[in-house]
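Everything on this sheet refers to the single structure shown next.
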Amino acid sequence: MGVASFGRLPDGTEISAFTLSGRGGLAIKVMTYGAALMEVHAPDRRGQVADVTLGFSGLESYVRDGAFIGMTVGRVANRIANAQFELDGVTYRLPANDWPHHLHGGPRAFHRAVWDAEASADGAGVIFRHSSPAGEQGYPGRVDAEVQYVVTPANEIRIDYRARADRRTPINLTNHAYWNLAGGGDILGHEARIYAGKFLPTDAMGIPSGRIDPVAGGPMDFRAAKPIGRDMARLGNRPLGYDHTFVVDGEGLRPAAEVRDPTSGRTLEVLTTEPGVQFYVGSFLDGSAVGKTGANYRQYGGFCLETQHFPDSVHQPAFPSIIVEPGVERRSTTIYRLSAR
């Protein structure tokens, strides 16, 4: 494991970056700002290594970024309608940072926090910890969160999430890495398979209707692998592209998705204990952000597979609950497995 400074915030706080490597050739970099996944270096079928995640070469770019690139997001990932919810008879009002709605915990949430960090006991991973005080971004209760990254001998990035609160409050954590298995260009030719027979239909602003619909026969059907861009025109949304929650088949730690770049052979498998995965194809990337290679991050420059509970669950009693009881630890695991074939 390597540790280095990644710069200082305007208030003087130093940000540390950690490099983790596995025996299979996989290497990643993570940092204390936002508990972010900054780099993932993986070989293709010919052994050529490329960085397959979006990110920035300097801290200032992460601070300016509005696309949550690589960040741990919370307290509540995804959207909460109308930026408010009621819990135990009290209405909690949150910052509206996605039109009238609340997105990814708010503008000053976990992705803007400086997390404490330490090496795991076996030296194979890094554990990040953050305490969110009661009232932060409008949420009730204090939350103590922990995110651990480990690179396994099987060329996997294992992310374990833990969170505990001192009163009833919603919690839904995820990682917002953008993947590009070719190392550049767009991802529309990547072939995706999602292990989900159902998805959540939404309105034009991404708020679920409350229905859980079958994917069969429609553009949401990724049960057999297909190019990401093949059926996008059938969606009819603007900007065009996927930004939808899929209901992962099965329970426990199981496959959620698999994406392959046919040119390089690089393949990303995603396993999770979460009930859903948000598939997003970077439709809102507008080219204004300059990435670590000097290239502008344009529309469809990366895809996200955000493992999580369902969006707007606080307003949908039929969805799995994201309310955590006092003193009860919420745990989840997501594995990103990289290979080439």
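Throughout, numbering of the chain's residues begins at 1 and tracks the sequence.
A donor-acceptor contact under 3.5 angstrom links the side chains of Arg75 and Ser132, judged on distance only. For the residue pair Gln278/His244, the side-chain donor-acceptor check at 3.5 Å is not satisfied. Counting only N and O atoms by type, the side chains of Thr333 and Thr273 include no donor and acceptor under 3.5 Å apart. Side-chain contact check for Glu306 and Asn175: no donor-acceptor pair (N or O, by modelled atom type) lies under 3.5 Å. Under 3.5 Å, the side chains of His315 and Asp312 contain a donor-acceptor pair of N or O atoms. Side chains of Ser264 and Arg45: a donor-acceptor N/O pair is absent below 3.5 angstrom, by distance only.
Heavy-atom contacts from other residues, nucleotides or ligands closer than 6.0 Å to CZ of Arg234 number more than 12. At most 12 heavy atoms of other shown residues, nucleotides or ligands fall within 6.0 angstrom of atom CD in Glu251. Environment of NZ in Lys198: sparse, with no more than 12 heavy atoms of neighbouring residues, nucleotides or ligands closer than 6.0 Å. Within a 6.0 Å sphere centred on CD of Glu60, other residues, nucleotides and ligands contribute 12 heavy atoms or fewer.
Looking at Met232, Gln299, Arg230 one by one, the single match for side-chain contact (heavy atoms from CB on, under 4.5 Å) with Leu188 turns out to be Met232. Of the candidates Phe110, Tyr33, Tyr149, Phe110 is the only one forming a ring pair (Phe, Tyr, Trp, His ring centres under 6.0 Å) with Trp115.
The shortest non-hydrogen separation linking Asp221 to Ala216 is OD2-CA, 3.5 Å. Across all non-hydrogen atoms, the minimal contact from Pro255 to Val248 is O-CG1, 3.6 Å. Looking at every heavy atom in both residues, Val259 comes nearest to Ala192 through CG2-CB, 4.0 Å. Nearest approach of Ala27 to Ser21, heavy atoms of both residues: CB-OG, 3.8 Å. Minimum interatomic distance between Leu26 and Ala42 (heavy atoms only, all atoms of both residues): CD1-CB, 4.2 Å.
Leu200 and Ile322 fall into different hydrophobic clusters, defined by Ile, Leu, Val, Met, Phe, Trp and Tyr side-chain heavy atoms under 4.5 Å apart, directly or through other members. No continuous path of ILVMFWY side-chain contacts below 4.5 Å connects Leu271 to Ile28, so the two sit in separate hydrophobic clusters. Grouping the Ile, Leu, Val, Met, Phe, Trp and Tyr side chains by contacts below 4.5 angstrom, directly or via other members, places Tyr178 with Tyr297. By the criterion of side-chain heavy atoms lying less than 4.5 angstrom apart, applied directly or through intervening Ile, Leu, Val, Met, Phe, Trp or Tyr residues, Val143 is not grouped with Met71; the two fall into different hydrophobic clusters. Hydrophobic cluster membership differs between Ile15 and Phe18, with clusters built from Ile, Leu, Val, Met, Phe, Trp and Tyr side chains linked at under 4.5 angstrom.
The line from CG of Leu305 to CG of Leu268 is 6.5 Å long, rounded to the nearest 0.5 Å.
A perpendicular orientation is assigned to the rings of Phe6 and Tyr62, their planes being inclined by more than 60° (bins at 30° and 60°).
A salt bridge is defined here as a Lys NZ or Arg NE, NH1 or NH2 lying under 4.0 Å from an Asp or Glu carboxylate O, and Arg168 with Asp88 meets this definition. Residues Lys226 and Asp231 are paired through a salt bridge, judged by an N-O separation under 4.0 Å between the basic side chain and the carboxylate. A salt bridge links Asp243 with Arg79: the closest approach of a Lys/Arg side-chain nitrogen to an acidic carboxylate oxygen falls below 4.0 angstrom. Remark: Arg158 does not engage Glu156 in a salt bridge, criterion side-chain N to carboxylate O under 4.0 Å. Asp144 and Arg129 are not joined by a salt bridge, as no carboxylate oxygen comes within less than 4.0 angstrom of a charged side-chain nitrogen. With salt bridges taken as basic N to acidic carboxylate O contacts below 4.0 Å, none links Glu274 and Arg331.
Panel note: side chain Arg266, backbone Arg260; no donor-acceptor pair is recorded below 3.5 Å. Within the 3.5 Å criterion, the main-chain N or O of Arg223 finds a donor-acceptor partner in the side chain of Arg193. Between the side chain of His104 and the main chain of Asn78, a donor-acceptor pair closer than 3.5 Å is present.
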- prompt: For Thr272 and Arg254, what are the C-alpha separation, side-chain angles and deciding distance, and is it a side chain to side chain donor-acceptor pair (under 3.5 Å)?
  reply: CA-CA 6 Å; Thr272 189; Arg254 76 280 191 209; 5.4 Å; no
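Counting only heavy atoms from C-beta outward, the side chains of Val52 and Asn180 never approach each other to under 4.5 Å.
With ring centers used as reference points, Phe222 lies under 6.0 Å from Phe279. When ring centroids are compared, His111 and His176 stay outside the 6.0 Å threshold. Taking the centre of each ring, His102 and Tyr139 come in below the 6.0 Å mark.
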